[in-house]
Amino acid sequence: MAKQEIPKAYEAKNHEDSIYAAWEQSGFFNPDNLKGEAFTIMMPPPNVTGVLHLGHALENTLMDSMIRYQRMRGRKTLLLPGTDHAALPTQAKVEKMLMEEGMKNPRQELGREKLVEKIRPFAEQSRTTILSQIKKLGTSCDWSRLAYTFDELRNRAVNELFRRMYEDGLIYRGLRVVNWSVRGQSTSSDDEIEHVERTAKLYTFRYGKDVPITIATTRPETKLGDTAIGVHPDDPRYASFIGQTFTADVGGASSLRLKVIADQQVDPAFGTGALGVTPAHSQIDFAMYETQKAKGDPIDLIPVIGSDGKMTSQAGVYAGLPVEEAREKFVGWLKKEGLMEKEEEITQNVGISDRYGDVIEAIPMTQWWLDVQKSIPGRGKSLRDLMREALTTGLHGDEKQKVIVNPDRFTKLYLDRVEHLRDWCLSRQIWWGHRIPVWYKGEEMVVGQQPEGEGWTQDEDTLDTWFSSGSWTFSTLGWPDKTVDLEAFHPTSWMQMGYEILYLWLMRMVLMSAYALDEIPFKEVYIHGILRDKNGQKFSKSLGNGIDPLEIIEKYSADALRFSVITGVTPGNDSRFYEEKVEAAQRLVNKLWNISRYILTSVEEPVHGQAFKELVPTTLADRWILSRLVRLEEEVSAHLQAAEFSQASEKLREFTWSDFADWYLEISKAQRQGETKASTDAILVYVLEHLLTYWHPIMPFVTEAIWSHFDDHELLMAHNWPVLRMVDLDLEAEAEMAWLQEAIGAIRNIRSENTVAPKQKVTVVMVGTNVEMHKGIIESLAGIESLTFASQPPTGEYASVVISDGQVFVSLQGLVNKEAERVKLGKEQKETESYIASLEGKLANEDFISKAPEHVVATMRQNLEDARKKLERYVHHSES
RNA sequence: GGGCGUUUAGCUCAGUUGGUUAGAGCGCUUCGUUUACAUCGAAGAUGUCGGGGGUUCGAAUCCCUCAACGCCCACCA
């Protein structure tokens with residue numbers, strides 16, 4: 001083979017797109033072209049609300065590193081890509097854009113169909129962008145199975161799931177108090193609310209002069225809808241009032257009828273111990289309303305706040321006022337009437353819509369709900385039971401149907417949440433999303449799919465977006481049909497997600513999968529943290545600290561980006577991202593490139609694919625580097641298998657830069673001068689091709705680019721992961737090499753301390769050891785002119801250093817600072833002495849000898865022996 | 001009000017079941033570089049592993065406690 005021309009630096013731009021195209025064209029992204037046991041990852045579908053951010057870069061790196069490793073290990077791998085229509089966030093985003101363009105109320109001005117027609121192209125555009133960005137990151141997913149939560153197949157799955165749950169009595173329609181966003185004009189689930197601490201005013205007052213009970217509230221205006229006064233059943237202050245009804249003519253609004261009821265949930269220690277019960281505008285009060293109804297002692301429900309955030313007609317003279325004005329007016333009236341007893345500042349948590357940012361109002365509405373506690377017909381278990389089982393005993397006590405969470409602490413959070421789960425409000429009043437699959441005609445109602453015939457109208461509401469993403473692991477495989485894919489790839493093997501969607505997504509995937517298939521959605525889930533900026537702040541638009549992953553790829557390389565988001569990161573913990581990290585990673589990429597460049601351009605005929613047995617390790621360095629490679633394979637495999645990406649990449653970096661580049665390559669330069677050339681060349685090529693293979697899952701592009709310089713046309717991506725044998729470890733060579741490295745380091749140290757220029761050759765005498773066979777290595781790596789071995793220290797101007805197995809003397813005519821030498825040796829001697837003392841102490845301890853494992857004691861004894869030998873040399877030296 | 005996480009070199013972080021004298025990257029200091037790579041090489045400095053207590057032959061690692069920072073949950077109206 002002719003010598004190759006390889007550029008000095010790796011220019012990622014010239015390679016990445018064409019490499020990705022070659023991968024795609026090869027067909028190996030598609031498991032149909034692969035053999036072996038299935039290994040499946042469903043890509044968490046990015047929202048079509050814009051472009052990819054760094055978090056996606058992290059996720060794609062995690063998924064792709066895992067899938068590439070498994071593919072190379074001979075698994076039939078499927079990484080299925082997709083996107084999420086993200087109902088509310090997408091509609092909110094488009095509405096915001098329209099409003100920025102001058103529209104006041106897009107929903108009102110456009111109406112349902114026209115608004116959806118505005119959202120669709122935006123979503124499509126966003127999808128296209130995102131999909132191309134995923135390719136830029138190198139993600140090896142099967143594009144032939146691309147899915148979208150809002151396409152026809154997924155819609156069919158969603159409708160079918162809804163129908164089954166309805167028929168099982170789990171989905172019901174009911175009047176309940178919902179979380180209402182006035183700004184968004186829609187309900188939210190409990191999980192879509194953020195709690196923000198605020199200061200608020202707590203008002204303490206009586207409803208009227210004839211009402212003997214004082215209550216406290218931060219929302220006086222809602223008191224216009226009060227229908228009861230709640231007290232704790234054991235509270236002696238109010239015991240005599242329980243059951244009585246008082247009337248009050250509040251603020252000229254309406255006449256309230258307030259029944260005093262006893263309820264365990266009332267905290268006698270808060271405020272006055274009496275609670276104004278507003279069933280229409282409080283979850284807890286609504287629960288009391290239901291309890292009273294069940295008891296046969298019902299109280300009324302009076303909505304005084306409407307979906308527009310203004311007071312309703314039932315609020316009398318307050319009707320039409322925004323809540324804040326109503327509050328002010330009512331407070332004014334209370335004061336005027338002398339009913340107000342106290343006003344104080346308190347801090348409280350308010351629920352905020354996480355998308356629209358306004359305070360959530362509790363409003364009674366008829367909505368669709370999913371009951372998580374009801375027993376599923378024929379199964380004797382509720383959805384809650386299934387969700388619990390999946391992470392504890394495994395579904396039906398089957399260990400194989402258990403989801404393993406990494407790190408484990410998130411299991412606890414999940415389970416805690418499962419126990420406190422309330423019914424899930426499924427319906428939304430936005431328009432971008434799967435429409436509730438229910439049709440009405442007069443009194444008739446059909447669920448699942450549109451019935452034949454005229455006159456049917458579909459429910460106006462849409463489904464919570466998590467209803468469709470919850471079914472992602474199987475809707476993507478063709479469910480509800482019994483497809484080959486579903487059989488082959490479900491439950492999926494591995495999933496990764498950020499902890500911020502643990503509740504939103506993990507729980508719902510488990511719920512949906514357990515319900516629809518009686519299977520867990522995946523066997524293992526890896527929880528990652530979020531990427532923060534250099535100062536530990538979240539990346540956000542408002543802070544303006546965002547980093548576009550594509551710009552990073554453009555400036556450095558996709559491999560450097562991948563390496564830098566994955567390294568130094570542990571599951572479940574946040575990490576910081578900044579360009580210096582990418583720079584360091586890019587240096588590593590370039591290092592690998594140049595190692596390869598050196599080997600491929602200087603070895604005349606790189607023999608590709610040699611077997612370990614065919615190699616002829618001739619020198620110590622040969623044996624050593626092969627042993628190190630065996631160790632590397634073992635470690636990297638174990639780390640990747642365990643999803644310890646950071647550790648895997650650290651091991652690879654260490655081997656690449658230190659063992660291979662700094663040591664073996666340098667030694668090889670001498671070895672290639674003589675008769676060991678052929679064997680050295682073979683080993684260089686062997687180690688290189690293995691190293692590229694092991695790097696490939698993490699840095700796929702540069703490894704593939706280098707691989708293409710080998711003689712055949714096989715893609716590295718489709719190459720088998722070479723498994724080496726532990727029996728080929730050469731412990732003797734590793735120990736001997738470690739000593740040699742120490743000796744060379746010692747000589748270099750003396751040179752450096754005495755500022756001997758690297759070019760200046762020195763004369764070295766080594767005492768107390770005989771390693772003449774490695775003379776050449778020491779000479780070439782330590783810049784030595786003459787290396788001799790002696791039994792006695794030489795006389796004359798020498799600087800010396802004591803090493804584990806001997807002493808090194810470096811001649812330094814006129815350069816030695818004898819005093820400095822003495823001080824240095826004296827210091828080292830002291831350190832050795834105290835080290836010996838500590839070892840002797842340990843070894844003199846009977847308990848240690850009897851209780852510590854043998855190998856620990858043996859190592860300690862060996863260390864002591866070595867240290868004593870070393871000390872002798874110091875003593876000897878100071879005497880001479 | 002509960003719960004969780006973090007605290008290791010100047011900075012960012014590893015440290016796998018407790019076991020040699022605690023590591024990496026970046027930064028810093030010195031010297032060098034026609035010879036794969038200045039996106040480089042060699043050498044070097046820097047740590048009472050947040051504080052205190054305990055268990056153990058042995059603790060960065062396990063237990064208790066305190067502190068600082070961060071996060072999550074919760075219907076004190």
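The figures here come from the full heavy-atom set of this structure, side chains too, leaving out hydrogens, waters and symmetry mates. The chains referred to below are lettered A, B, ... by the order of the sequence lines, with proteins before strands, and numbering in each begins at 1.
Rounded to an integer number of Å, the gap from A:F660 CZ to B:A36 P is 14 Å. Look at OH on A:Y598: it is 12 Å from C1' on B:C37, rounded to the nearest Å. Computed from coordinates, the A:E753 CD to B:G32 C1' distance equals 16 Å when rounded to whole Å. Rounded to an integer number of Å, the gap from A:E11 CD to B:U39 C1' is 11 Å. The nearest whole Å value for the distance from the NZ atom in A:K651 to the P atom in B:U16 is 11 Å. Nucleotide B:G3 holds its C1' atom 14 Å from the CG atom of A:L415, rounded to whole Å. Atom-to-atom, CG of A:N590 to C1' of B:C40 comes out at 10 Å; the value is rounded to the nearest Å. Distance A:L665 CG to B:G41 P: 12 Å, rounded to the nearest Å.
Between A:Q647 and B:G15 there is a side-chain N or O to OP1 or OP2 distance below 4.0 Å. At the phosphate of B:C37, OP1 or OP2 sits under 4.0 Å from a side-chain N or O atom of A:K8. When the side-chain nitrogen and oxygen atoms of A:R576 are compared with OP1 and OP2 of B:U12, one or more of them lie within a distance under 4.0 Å.
Nucleotide B:A68 forms a Watson-Crick or G-U wobble pair with B:U6, both donor-acceptor distances falling under 3.5 Å. Nucleotide B:G1 forms a pair with B:C73, judged by Watson-Crick or G-U wobble geometry with both contacts under 3.5 Å. If you check B:G41 for Watson-Crick or wobble pairing at under 3.5 angstrom, you find it paired to B:C31. A 3.5 Å limit on both hydrogen-bonding distances identifies B:G25 as the Watson-Crick or G-U partner of B:C11.
The shortest side-chain heavy-atom distance between A:D533 and A:I547 does not fall under the 4.5 Å cut-off. Within the 4.5 Å cutoff, side-chain heavy atoms of A:L684 are placed close to those of A:R672. At a threshold of 4.5 Å between non-hydrogen side-chain atoms, the residues A:Q671 and A:K677 do not count as touching. No side-chain heavy atom of A:W663 sits under 4.5 Å from any side-chain heavy atom of A:L740. Two residues are said to be in side-chain contact when any heavy atoms from C-beta on lie closer than 4.5 Å; A:T222 and A:I305 meet this criterion.
A salt bridge between A:E644 and A:K651 is absent, with no side-chain N of the basic residue lying under 4.0 Å from a carboxylate O of the acidic one.
In this structure, the side chain to side chain contact (heavy atoms under 4.5 Å, CB included) partners of A:D866, at least two apart in sequence or on a different chain, are A:Q862. For A:T291, the side chain to side chain contact (heavy atoms under 4.5 Å, CB included) partners at least two apart in sequence or on another chain are A:K295.
Distance noted for atom C1' between B:U65 and B:U20: 32 Å (whole Å). The gap from the P atom of B:A60 to that of B:U8 amounts to 15 Å, rounded to the nearest Å. Between B:C40 and B:G23, the two C1' atoms lie 23 Å apart (nearest whole Å). Taking atom P in both B:U61 and B:U6, the straight-line distance is 13 Å, to the nearest Å. Across B:A22 and B:U48, the matching P atoms stand 13 Å from one another, rounded to whole Å. On the C1' atoms, B:U21 is 31 Å away from B:A67, given to the nearest whole Å. With both ends at atom C1', the span from B:U34 to B:U30 equals 24 Å, rounded to whole Å. Comparing B:A45 with B:G25, their P atoms sit 15 Å apart, to the nearest whole Å.
Only A:G568, A:T570, A:N573, listed by number, bring a heavy atom of residues 554-573 of chain A to less than 4.0 angstrom from any atom of RNA chain B.
Residue-level contact check: A:K669 touches the bases, meaning some heavy atom is under 4.0 Å from a base atom. In this structure, A:A661 reaches the bases: a heavy-atom distance under 4.0 Å links it to at least one base atom across the strands shown.
A donor-acceptor pair is defined here as one N or O able to donate and one able to accept, closer than 3.5 Å; such a pair exists between the side chain of A:R748 and the backbone of A:L781. At distances below 3.5 Å, at least one donor-acceptor pair connects side-chain atoms of A:H281 with backbone N or O atoms of A:A362. A donor-acceptor contact shorter than 3.5 Å is absent between the side chain of A:N179 and the backbone of A:I360. When atom types are taken as modelled, the side chain of A:T272 and the backbone of A:T214 share a donor-acceptor pair closer than 3.5 angstrom.
Under the side-chain hydrogen bond (donor to acceptor under 3.5 Å, both in side chains) criterion, the residue pairs touching residues 566-575 of chain A are A:R409-A:N573, A:Y499-A:D574, A:R532-A:D574, A:T567-A:S649, A:T570-A:N573, with sequence neighbours excluded.
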Salt bridge (Lys or Arg N to Asp or Glu O under 4.0 Å), that's the test. Do A:E831 and A:K870 meet it? Break it down for me. CA-CA 11 Å; A:E831 279 167 10; A:K870 201 170 170 182; over 6 Å; no
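You'll find that the side chain of A:K591 is closest to B:G41, out of B:U39, B:G41, B:G44. Residue A:R409 places its side chain closer to B:G5 than to any other of B:U39, B:A36, B:G5.
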Where protein sits on nucleotides 69-77 of chain B, one letter per nucleotide: B base, S sugar-phosphate only, - none, heavy atoms under 4.0 Å: ---SSBBBB
Reading nucleotides 19-31 of chain B from the 5' end, what letters show protein touch, with B for base, S for backbone sugar-phosphate only, - for no heavy atom under 4.0 Å? BBB--SSS-----
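Residue order along RNA chain B, read from the 5' end via each residue's closest nucleotide, puts A:D662 first among A:N845 and A:D662.
Contact annotation: side chain of A:E666 to base of B:A36, donor-acceptor pair present below 3.5 Å.
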